[in-house]
Protein chains: 2
Amino acid sequence: MTHCHTTLQSLRQQGFRVTPQREMIVETLAHSETHLSAEEIHQRLQPRSKTLNLATVYRTLDLLVEQGYATRLVGKGGKFLYATRQHSRHLHLICRKCGRTYPADLKGLEPFIAHLKQTYGFQVEVEHLTFYGVCPNCLQST
Amino acid sequence: MTHCHTTLQSLRQQGFRVTPQREMIVETLAHSETHLSAEEIHQRLQPRSKTLNLATVYRTLDLLVEQGYATRLVGKGGKFLYATRQHSRHLHLICRKCGRTYPADLKGLEPFIAHLKQTYGFQVEVEHLTFYGVCPNCLQST
DNA sequence: AATATTATCGCAAAGTTTTGCAATAACAGA
DNA sequence: TCTGTTATTGCAAAACTTTGCGATAATATT
Ligand SMILES: [Mn+2]
Ligand SMILES: [Mn+2]
Ligand SMILES: [Zn+2]
Ligand SMILES: [Zn+2]
């Protein structure tokens, strides 16, 4: 059973309706290797559905993020990008200077996450964490 | 010497021009206890300058974030909020369900940040980190 | 103080994301 | 399978953010 099917089933169990639009959007995001913008998802689905509206894409992505099935990150230029949780656990290191995203390992962070849960009762989403900073290239070229 | 003065001086040293608009905006952000949107900053400055343009506020905030003097975060509803680094070091825990922001202590995270620097050469901005997840209230009421 | 250079500004337009509303379709129950 | 309820959709408008361009003003130089 693929990831998109489990997501759709879970949504249905939570009382949300599974529409063709949601199916297409979830599938597209789940099968993508990279982060996608709402516009990109909409374009990729154009051949399959001429009537799918961009607002529906945004609303579905909001739902997925809200329910924890996807993550929203801020790409270069302030545009939002989305990714599924399917995407194996990793850390994003995003450079403030050049905007590039570097994947990194979460190893070593777990104790701190556990501490936050104990101290504040807050359950951190660890699947797609993002840290901002300056990358090796840009550190050098300053 | 207040924080806004040092920021303006540093900007000048970096070759950026210090304009009345930039002075006002930096001052407003530095003196604010809370995170502000571009629109809020613009409104607060309306009495002082009738002609200050919202686009200038956005461009100045972009500059401040790019140069590391401010942080941009995504508020509820997808609107951007800004804060200075003045704002003492802390972690933001933002709840996916209710959108509330909880401040938390960074204590215990330093070793991991150091590890990222060693392993990837990436210098994480630790002044205003944000983790997403689910807050105690919302965990309970599920 | 006057001048030259060019970064920054205001404005208007474009691009991106959210929202209100009436029509539609998903799904629970008969 | 048919019916009723209401969550979801498409569309259009609003809200938010970025960008191009000519005019202006900040800084360096004389
Ligand atoms: Mn990723
Ligand atoms: Mn803060
Ligand atoms: Zn970089
Ligand atoms: Zn919450």
Side-chain angles (χ1 to χ4, degrees), chain A residues 5 7-26 28-29 35-46 48-67 69-82 96 99, chain B residues 7-26 28-29 35-46 48-67 69-82 99:
Chain A
H5 291 165
T7 299
L8 292 169
Q9 277 199 342
S10 303
L11 282 175
R12 180 177 280 127
Q13 279 180 2
Q14 293 179 67
F16 297 104
R17 293 182 184 174
V18 173
T19 64
Q21 291 91 338
R22 287 181 173 169
E23 285 182 12
M24 290 190 291
I25 294 164
V26 167
T28 302
L29 194 60
H35 309 150
L36 296 175
S37 68
E39 181 61 45
E40 283 169 335
I41 292 174
H42 184 243
Q43 282 179 7
R44 292 191 187 193
L45 290 173
Q46 205 63 2
R48 260 211 262 176
S49 167
K50 204 64 182 158
T51 59
L52 172 65
N53 196 273
L54 183 54
T56 301
V57 178
Y58 275 109
R59 283 192 277 230
T60 300
L61 291 170
D62 283 352
L63 176 69
L64 293 175
V65 170
E66 211 165 293
Q67 297 306 316
Y69 301 108
T71 314
R72 179 165 81 169
L73 36 146
V74 183
K76 189 79 174 175
K79 204 183 298 186
F80 289 128
L81 299 177
Y82 301 82
R96 284 276 187 225
Chain B
T7 298
L8 291 169
Q9 276 198 342
S10 303
L11 283 175
R12 179 176 280 126
Q13 280 179 1
Q14 293 179 68
F16 298 104
R17 294 182 184 175
V18 173
T19 64
Q21 292 90 338
R22 286 180 174 171
E23 285 182 11
M24 290 189 292
I25 294 164
V26 166
T28 302
L29 193 61
H35 309 151
L36 295 176
S37 68
E39 182 61 46
E40 282 169 336
I41 293 174
H42 184 244
Q43 281 180 5
R44 291 190 188 194
L45 290 173
Q46 205 63 3
R48 261 212 261 177
S49 166
K50 205 64 182 159
T51 59
L52 171 65
N53 196 275
L54 183 55
T56 302
V57 177
Y58 275 110
R59 282 193 276 230
T60 299
L61 291 170
D62 283 352
L63 177 69
L64 293 175
V65 170
E66 212 164 292
Q67 298 304 316
Y69 301 109
T71 314
R72 180 165 82 168
L73 37 146
V74 183
K76 188 79 176 176
K79 203 183 299 185
F80 289 128
L81 299 178
Y82 300 82

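By convention in this document, chain letters (A, B, ...) are assigned in the order of the sequence lines, proteins followed by strands, and residues within each chain are numbered from 1.
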In whole Å, what is the span from the [atom1] atom of [X] to the [atom2] atom of [N]?
X: L61(A); N: dT19(C); atom1: CG; atom2: C1'; answer: 16 Å
X: L8(A); N: dA7(D); atom1: CG; atom2: P; answer: 19 Å
X: K79(B); N: dT19(C); atom1: NZ; atom2: P; answer: 9 Å
X: K76(B); N: dT17(C); atom1: NZ; atom2: P; answer: 18 Å
X: R12(A); N: dA7(D); atom1: CZ; atom2: P; answer: 16 Å
X: E23(B); N: dA7(C); atom1: CD; atom2: P; answer: 20 Å
X: L63(B); N: dC9(C); atom1: CG; atom2: P; answer: 9 Å
X: E40(A); N: dG15(C); atom1: CD; atom2: P; answer: 16 Å

Can you find a heavy atom in the side chain of T56(A) that is under 4.5 Å from one in the side chain of T60(A)?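 When only atoms from C-beta onward are counted, T60(A) and T56(A) do touch, with a gap below 4.5 Å.
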For DNA chain C, determine which residues of residues 48-58 of chain B have any heavy atom closer than 4.0 angstrom to one of its atoms, and list them numerically.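 Listed by number, they are T51(B), L52(B), N53(B), A55(B), T56(B).
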Candidates dG10(D), dC9(C), dA26(D) - which lies nearest the side chain of T60(B):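 From the listed options, dC9(C) comes nearest.
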Measure from the side-chain N and O atoms of R22(B) to the backbone N and O of R17(B), and report whether any donor-acceptor pair falls under 3.5 Å.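 Such a contact is found between R22(B) side chain and R17(B) backbone.
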So, does [X] get its side chain near the phosphate of [N], meaning an N or O under 4.0 Å from OP1 or OP2?
X: R59(B); N: dC9(C); result: no
X: T19(A); N: dT9(D); result: yes
X: Q21(A); N: dA26(C); result: no

Counting any heavy atom closer than 4.0 Å, what does G77(A) reach on the DNA or RNA strands: base, sugar-phosphate only, or nothing?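 Sugar-phosphate, no base atom in range.
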Toward the 5' end of DNA chain C, by each residue's nearest nucleotide, G15(B) or G78(B):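 That would be G15(B).
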Can you name the nearest heavy-atom pair linking G78(A) to R72(B), along with the distance?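 Heavy-atom minimum between the residues: CA-NH2, 3.4 Å.
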Please report the closest heavy-atom contact between T71(A) and V65(A), naming both atoms and the distance.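 Between these two residues, the closest heavy atoms are C-CG2, 4.1 Å.
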Exactly one of K50(B), R48(B), R44(B) should register a side-chain contact (heavy atoms from CB on, under 4.5 Å) with Q46(B). Which one does?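 The side-chain contact (heavy atoms from CB on, under 4.5 Å) with Q46(B) is passed solely by K50(B) among K50(B), R48(B), R44(B).
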For Y82(B), which of D62(B), L36(B), V57(B) qualifies under side-chain contact (heavy atoms from CB on, under 4.5 Å)?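 Result: among D62(B), L36(B), V57(B), D62(B) is the only option passing the side-chain contact (heavy atoms from CB on, under 4.5 Å) with Y82(B).
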Mapping R72(B) and R17(B) to their closest nucleotides on DNA chain D, which lands nearer the 5' end?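 Its nucleotide being nearer the 5' end, the pick is R72(B).
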Find which nucleotide of DNA chain D each of F16(A) and Y82(B) is nearest to by heavy atoms, and output the residue with the more 5' nucleotide.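 This one resolves to F16(A).
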Would you say the side-chain atoms of E39(B) and Q43(B) include a donor-acceptor pair closer than 3.5 Å?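 Side-chain D/A pair, E39(B) to Q43(B): present.
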